[in-house]
Every structure is written in C-alpha cells, then in structure tokens.
Amino acid sequence: MSAATGNNGVLNAHTLEEIDEWLQRYPADQKQSAVLAALRAAQHQNNGFLTVELMDAVADKLEMSKIAVYEVASFYSMYETKPVGKHCVAICTNISCMLMGSDTIVNHVENKYGIKLGESTADGKIYLKVEEECLAGCDGGPMMQVDHVYHMKLTPEKVDKILDSLD
Amino acid sequence: MSDDLINITVDGKQLQARKGQMLIEVTDAAGIEIPRFCYHKKLSVAANCRMCLVEVEKAPKPLPACATPVMPDMVVKTTSELAAGAQQGTMEFLLINHPLDCPICDQGGECELQDVAMGYGNSSSDYVETKRVVMDKNIGPLISTELTRCIHCTRCVRFGEEIAGIRELGATGRGENMRIGTYIAKSVDSELSGNVIDLCPVGALTAKPSRFSARSWELTQHSTVSPHDSVGSNLFVHVGNGSVTRAVPRENEAINETWISDRDRFSYEGLYTDDRISSPMLRIDGELKPVDWQTALSATAKALSDAVEKSGPKSIAALGSAQSTLEEQYLLQKLMRALGSNNVDHRLTQIDYSDQQLAPVMPWLGMALEDLENLNAALLIGSNVRKEQPLAALRLRKASLKGASISFINPRVYPMNFDTASNIGASPREQLLHLLAVAVACGCQDELVTRIASEATVDDNHRAIADHLKSADNAAVLLGNSSVMHPDYASVRALASCIASATGAVFGYLPEGGNTAGAWLAGCVPHRTAGGVATETVGLNAAQMLDAPLETLVLMGVEPRYEQINSALARKQIANATTIIISTHLSRHAVDHADVVLPSAAFTETSGTFVNAVGAWQMFNGAAAPPGEGRPGWKILRVLGNELNLDGFDFNDVTAVRGELKTLCRELTLDNTYSADAIELPEPNTNGHELIRCGDLPAYKSDMLVRRARSLQKTVDARQNVVALNSVDLQALGLEENAVVSVQQDDSTVMLKVAQDDGVPAGCAWLPIGSTDVAGFGSLFQPVTLVPGS
C-alpha cells in the first residue's frame, strides 16, 4: 500500500508543522481528513499554486493515494493546479455585485493589466481569478478579495490604489 | 433467522428480503429488471447515476433502488408512470453529453447505455446544444479510453479502490469539468486493470488489443478455463472468423468471482504470432522442413524406439508443461513409461528435488479458495501472490481488510495490494534463517529445528508472525511459486511445515501453473505414476535431464531456455540430444536445434481438463480450430502410442483418457501432511563482495502464450533488460541508475541497464528468468559479476 516515502524536502518545515497541527484534530487512522488544510498550506508555501510534486508530497504525508489528492485539488476552486501570479485578485461578479457595477471593475482591471479573467500578468505578480461563487460581501458590492482580504464598495480609483500597493 | 426476513411487494409480487438489503439486490434475485449504470453487486453503492429510480408507496419522490434499504411491507412499483417518467428523465440527462454515434463506437452492440436507452429512454431529445468533449488519455497498452463517452458512474474508480486495492483512476474536476483519468500522464498498472473494461457501462474504457476488430454479434462465445495460474479462472473466449478475438470472465463465485486477471484476459494475443507452428516439420539436411503428419510421426517413433534400442530406455526423457491439459500430461507420462522410462517431469523451475518422495500426491491449497477470505493470519513463503495468483490475492486482501495479519518471507520484497504485517525480502540463505527464527518463536519442538535453533536470530517480526499464527482461529502457512525455485526447497518446506504444525495453521500450496496440480495427479513426475503411485525406480528430474547423456528429448509445451533455472545448460542439452518438440509455438532456439516438430493445439483449441489449487477438475472444450495442421496434444500422443505399438493407447475421445485417469485417482484424498526429515542451512557466503543472481519466473513471462502476448509484454510488469540492485550495492559498485553494465557468469555475458530497487536484498542482483534478454544466460542463484560497460 502507500507506504510513507518521506517528502524529500518538498514540503518545508513550516508547512509540515501546520499539517501536523491539523492532524492532531483528527483520529490517527483518518489522516485524510486533513487534506484540505494540507493542500492550503502547500499552496501557500508555493506562492499560490499547487504542483504535482506538492500534491504527491501531501499524499505521502497523509498516506493517501495520489489520485485521491488530485481529485480534491482539482475539485475545489480555491486550489490552483496551474502556475498563477503571486497575488490572487478575485472580483465578485455574482448577482448583487453585478447589479452594483462589477462589470466596470472587471473591465478596468483587465485593461489595466492587459489580461483577461483567469490569466496572470507576465511578471507573475497579479492573477485575475474567475470567481465562481458569491463571496458573501453583498452589502458592500461591488467587491473583491485580494489574497484573503475583502475590499468593498469598489471604484476604479479605489481598485488602482489597492492593486498598486501590492508588492 | 426468520426474524431477519421481511415481506415486501414489488410490482404486485410478494417477495421476501433480509433486513438491510438494498431494494435492487432483492429485485435482482427475483428477476425483476431495474435499469442501472453505477450499481454493481461487487462494488460499494454510489447512487450517482440515478437510473434505478423506482416508485415507493408513501415516499414523496422516486427513490434509487440501489440505495434504498428494504422496509417491512414496503410497496414498490418499478414500471409505474412515476418510475418510468423518472427513468426516462434520467436517461435524457445522461444522453445530453453522450455522443449518439453508436455505429462508430467499439462498445456498440454490447453497451449497457445503448440497451437501457432503447428500453427506458425517449426516442428523441429536447437537447440541441453542443456536447462536452473530453480529450482521451493514454493509460497503457491494455485499455483504450474514449472519455467523451463517460457517464461518470465511477465503477472503474471504485473497482481500483475497493477491489484491486490500488487507486489509479479518479474523477478530477467538478460539474461539467469532471473527468475520469489518472490526472497525470501515467499508465494503469494493476494486474487486474482489464476488469474496468467489463465494468464500464459505456464505450469509454474498452480493450485496446481487440478494439474495433469485431462486433459482438459476429462472435460466438465459448466457455473455457485459464491455464496461467492455479486459481483456474473461468473464462469465456469470443471467437470470430475462426480465431479467438478476446477473453472475458465467466462468473464463478467459488473461483474467480466476477473477475479475471489481465494475464488471463490478454494472453490470447499469443495464440496468433509469426512463430505459431502450422505444419509438422522434420530436420532434413540440417534444416527444418514441413512434412506430412505420417512422416513426422514415424520419425518421432523411430527416434524414440531407436534410442531405447541403442542406449536403453534411460536415454529418453520428456518435459511436460504445467499449462498442458491433464489428458496431455497423462498420456505423455504413459508413453514414456510404456517405453520403459521414468524420465518425465514438469517441474522446470525447481532446483532441489531431494524431498520429492515426501511431497503430497497433489500439492493443494489445503482449503477452499473462499476460505482465504476468512483467514485471521497467514504466512506466505516465496509468493508474489498478487501477480502470480491475482484472484487468490483478492481473497487475501478481503481477509486483510477484515483485520487479518498476513506476512511474507520472499526472495525480494514484493509490493502487495493490501496491508501486510511483515513483508520480508531476503537472499535464499537469509530466507531459511527467517523461517527458522519464526519456527523457534513458535516454540517448535521438532528435533530438526531445536538442533539448529542457535543459528536463528529471533526479532520482533518473527515473534509477531508466530503470535499471529498461534492466536488466529483460521491460520495458514502457504508455499508459493518462488519457494519451489529455492535452492533448498526441501528445507523451506520442512521449516514451513514445522511452523504450521507448531501453530495449528493449515499447511498449503499455491501451485505454480494452471495445471501444476494436474501434472502431479497425472504422474508427470519421475518418481510417481498417475494417481501418485510410487515407481520402482526413480527417473531423471527436470534439472538432471539437462546434464544427462540423453539420446532423445521430448519437449511438450515448454521452452526450457526460458523456464529452467539453468538456461545455459538447457540450451546445450537441446542442441545435443535429438529433440522432439510438441508445441504450439517454435522459439528461435528450437528452429536451430529441434529435430522433429509436431504442431499442437493451444488451450482454446482442444478439449481438456485443468486441476486448480483446490483440486477442482475443470473440463472445457475447444473454441476454435488450431491454425494449419495443428492437432490436439492428446491425439498426437495417442497416435504416437499406436505408432510405437504400445498397449493402452486406443482412446476414442478425450473423455476416455480423462476417465482412465479419474479411475486411477479414485482413492485419493488430498493431504498436504509433510514429515520433514532434514533441514540444512547452506554455508554463509564468505565472499562479501560477490553478488548472487536472484530472481523468479515473472508472471508475464510464465509460459509460452504469455511470453508472446504483445500487449502484456508492453506493460510495466513485463519489463526486461534490467538488473535491479539494492542501493547499498549500487553505491558499493559506484554505479548510477540506468547505467549499462555487462553481467557475467561463467562463459555467459549479457548487457543490461541497472535499476535501483531497495526491495531487492543487499548482495543480490535481481535478474529473473523467462525473458529473451537472459535466455541462454547462466543460472539463477549463482554468483554474477557486474562490469560497467558502454
């Protein structure tokens, strides 16, 4: 069976520590319960996207079959399985934000960087994520999420300020 | 018991059901048809296709029969307007993304989706928009993918996880982007992978070797039995235009359940190759030339009778095959014995024959195949059961999942598809020391063990194996294929039987070939005739035949150069003696050295019997005619008997041959009891730098047919041209992985690539027999030298 083959340094000490912390919350024979958290940590370590190597290391660490980890990573929209820019910019385009003018925001950002939703800038700095679901910030629409932080009541000027301040 | 039974009504019929059963199980048993795609009786319930929706009274919505447990007095309607409407709706949705181009699909005509759509769907669809398209993936030489056709039933995924024990396929992505595959570019390598072809209800996964070669309605189906392993899986072969186009499982719960191994499924490809013999041949002026049967048979008879006359009956010998039918094996030994020779054997891979007189009349499992599932503990010795008897491994896997402790002591670490308690890989001498340590840990008081107990180093692994075997209600010690090849097989067997008796475990064998058990019954051994009757004198065994001054050697269904431990010697003997070959195929070596060639029928082309590991005599008939002038082996031997004027060869049909042997075996009871009379530990290898060549006969190199099955030979398991070393030895020799080395032994040399494999014990160079790269190269279990080459 899938014997733990060690992760050969693919996952760094910080990631491993975080996975171990999550593992404590689940029964010892159900390590796969920690797969979502483990993938999140692995993705964070790699500046926002997962590689097959990282997913394999997570599989070994949690004693899961590799394909089972690929299934999880490819299912959830919060995991990126292809290289993307460092900063994840997700503009909500669901109904409330759309009514409040999210199209203008999307157009502005697309023109600003010369890329479409789902693409990353050539310098690898910005990734315009296609946000599939409502981010539950309807009271402040139009809104966007930049690296886990919500920004509400957006205007093109406000967006410029936020995005230009990213390192 | 009656408390557990409840009454339900389905379509107005009163049915009895066990509490907790799913509705579909009850209706299936009662012969009430409910359409389904994702449900399969051997797999977990997924309830994702929604095709089996039925109406249940008092339920507000249609319910899936596969995931609805029966309730007392439940009233079910499977064909009501509600049920039919639900099924029709499901069907329409399933067909939204499924191509409606059955005429160009390989599955067309035998497709569950096609059948169910005809029976339960609409004749037209409201959907006119575009359909999704999925790129096909290459998942290896055995399975073709056409993933646009996939309906996401996940049977293939569940098969890998739940049955085969190796999860290779998965469903990645979600919603419309969900697809079945391996995610990364990778082949599916399970030894049972072909079963997903049968499980797939659509044309998404089909058999690559037979794809687009025939339509199901053009084929005729014939029952047969697999010759490749001692489970004796029941098969159907499908025949079109006089040749076998594919093999599929024939359900037999007691033997192969509903599965077969890839070897059983794809070996038929070996039937039709360029080296298939189509006519009798005779060496005339140094060259093999086609002749008529009468000429060839007379020449054979003459070669045998001349040899007997000139040098006595001891100058003739015959090697039979563990894949030949019982009738062929019986007649081969009958012919030899009628000529006065006991030189007949089928044990080509064996080295140590010293305890053959103590061997059981027929080595057998010691229990039913189904009993393997109920073991609490088992010790398998020299067994790569997963590859060698994959269907037996599935039963052991079920036991393991229920908590059984299954351990191995093997010539290398073989990865298993279930959790093992200990999985030890060791050199031949170390294997004996491990076995001795387990025997000591068991508290074995046999004088043979106590005398050498001080040699053993008992560690926790050995104590755990002993404790598991002792405390288990059902325990077994089983000898596998590689144990028979062990240079000290007698000592392995003695220690194994000591462990079994000290722990109260069943002592059994996983016989090597599909008809190894039959060969013992038929008397295809030099010390016993049919029915296990000891002969007055003991003939030459298979290894001795290589070294004896023989005049005439008969090879029936074997290729000693691939199958014998000492390939170099096998090659020499065939070149020296007058060699008569009764076979389906002719190897290059035989072309150079055979004197008479008689073309025989393969297992799909003859009537016969195989005896499996539990002693079941499984009869079958020919499905297709042998190509050209090939004849069933039993007929060839029968006519040879007549030609030589021998008594007792006037059989009218194959049942008469079988009947004669059956009478001889009438009194037999199967008994593996073994009373050990010697255990010998070989001297330790004092030359620390010397590598010993170790190996086995790999599953995909096991016999003539398998070695020629093209697609199987492209799989990872058929890999050759590689010598594998432990990383310790690799470093000591200063070799890199994939470096080319010249491997030398005596006068033989072969150039191979080096692979790092820590499953190989240190001090061993893993270089199995059976493949073309090492045919004619030296011997197993002898020192080899590795010289870095270019």
Side-chain angles (χ1 to χ4, degrees), chain A residues 1-8 10 27-33 35-36 38-40 42-43 46 49-84 93-94 117-118 129-134, chain B residues 46 48 134 137 139 152 154 156-190 193 196 386 393 396-397 400-401 403 406 408 413-423 425 727 756-759:
Chain A
M1 297 287 281
S2 58
T5 51
N7 91 87
N8 295 327
V10 176
D29 61 341
Q30 287 172 36
K31 289 188 177 177
Q32 64 170 6
S33 303
V35 67
L36 291 177
L39 285 173
R40 198 168 55 223
Q43 176 163 287
N46 194 41
F49 66 95
L50 290 165
T51 59
V52 170
E53 206 184 16
L54 281 166
M55 291 189 277
D56 288 352
V58 167
D60 286 345
K61 172 77 182 160
L62 303 182
E63 291 166 27
M64 293 171 69
S65 61
K66 294 182 170 76
I67 182 74
V69 175
Y70 306 152
E71 284 178 332
V72 172
S74 62
F75 183 90
Y76 290 103
S77 58
M78 70 259 199
Y79 301 117
E80 301 300 335
T81 50
K82 300 223 160 63
V84 294
T93 53
N94 244 280
L117 283 190
K129 187 180 167 83
V130 182
E131 193 50 62
E132 281 144 356
E133 294 305 329
C134 174
Chain B
N48 58 22
V134 181
K137 295 161 187 86
I139 57 170
H152 303 143
T154 69
C156 56
V157 177
R158 283 175 283 149
F159 175 80
E161 176 162 7
E162 296 162 15
I163 308 291
I166 160 167
R167 186 105 133 70
E168 297 177 291
L169 290 168
T172 56
R174 70 171 163 189
E176 195 173 63
N177 296 319
M178 174 173 161
R179 56 205 51 191
I180 297 293
T182 49
Y183 187 72
I184 50 169
K186 170 187 179 310
S187 62
V188 169
D189 298 330
S190 163
S193 67
V196 302
R386 175 179 170 195
L396 288 170
R397 180 167 188 274
S400 166
L401 289 173
I406 300 176
F408 291 85
V413 176
Y414 291 119
M416 287 294 148
N417 50 349
F418 49 83
D419 285 332
T420 53
S422 294
N423 194 352
S727 50
Q756 179 181 329
D757 185 344
D758 287 342

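Throughout, protein chains are lettered first and strands after them, A, B, ... in sequence-line order, and every chain is numbered starting at 1.
- Under the 3.5 Å distance criterion, the side-chain polar atoms of A/Gln32 are left unmatched by any main-chain donor or acceptor of A/Leu62.
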For this session: Check the pair B/Phe418 / B/Leu401 against side-chain contact (heavy atoms from CB on, under 4.5 Å), numbers first and verdict last.
Result: CA-CA 8 Å; B/Phe418 49 83; B/Leu401 289 173; over 6 Å; no
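- Neither the backbone nor the side chain of B/Glu161 has a heavy atom closer than 4.5 Å to any heavy atom of chain A.
- Residues B/Ser400 and B/Asp419 bring no donor and acceptor atom of their side chains to less than 3.5 Å of each other.
- For chain A, no part of B/Ile166 is nearby; none of its heavy atoms comes within less than 4.5 Å.
- Interface remark: A/Ala68 contributes backbone and side-chain atoms alike to the contact with chain B (heavy atom separation under 4.5 Å).
- Donor-acceptor pairing under 3.5 Å is lacking for the side chains of A/Thr51 and A/Asn46.
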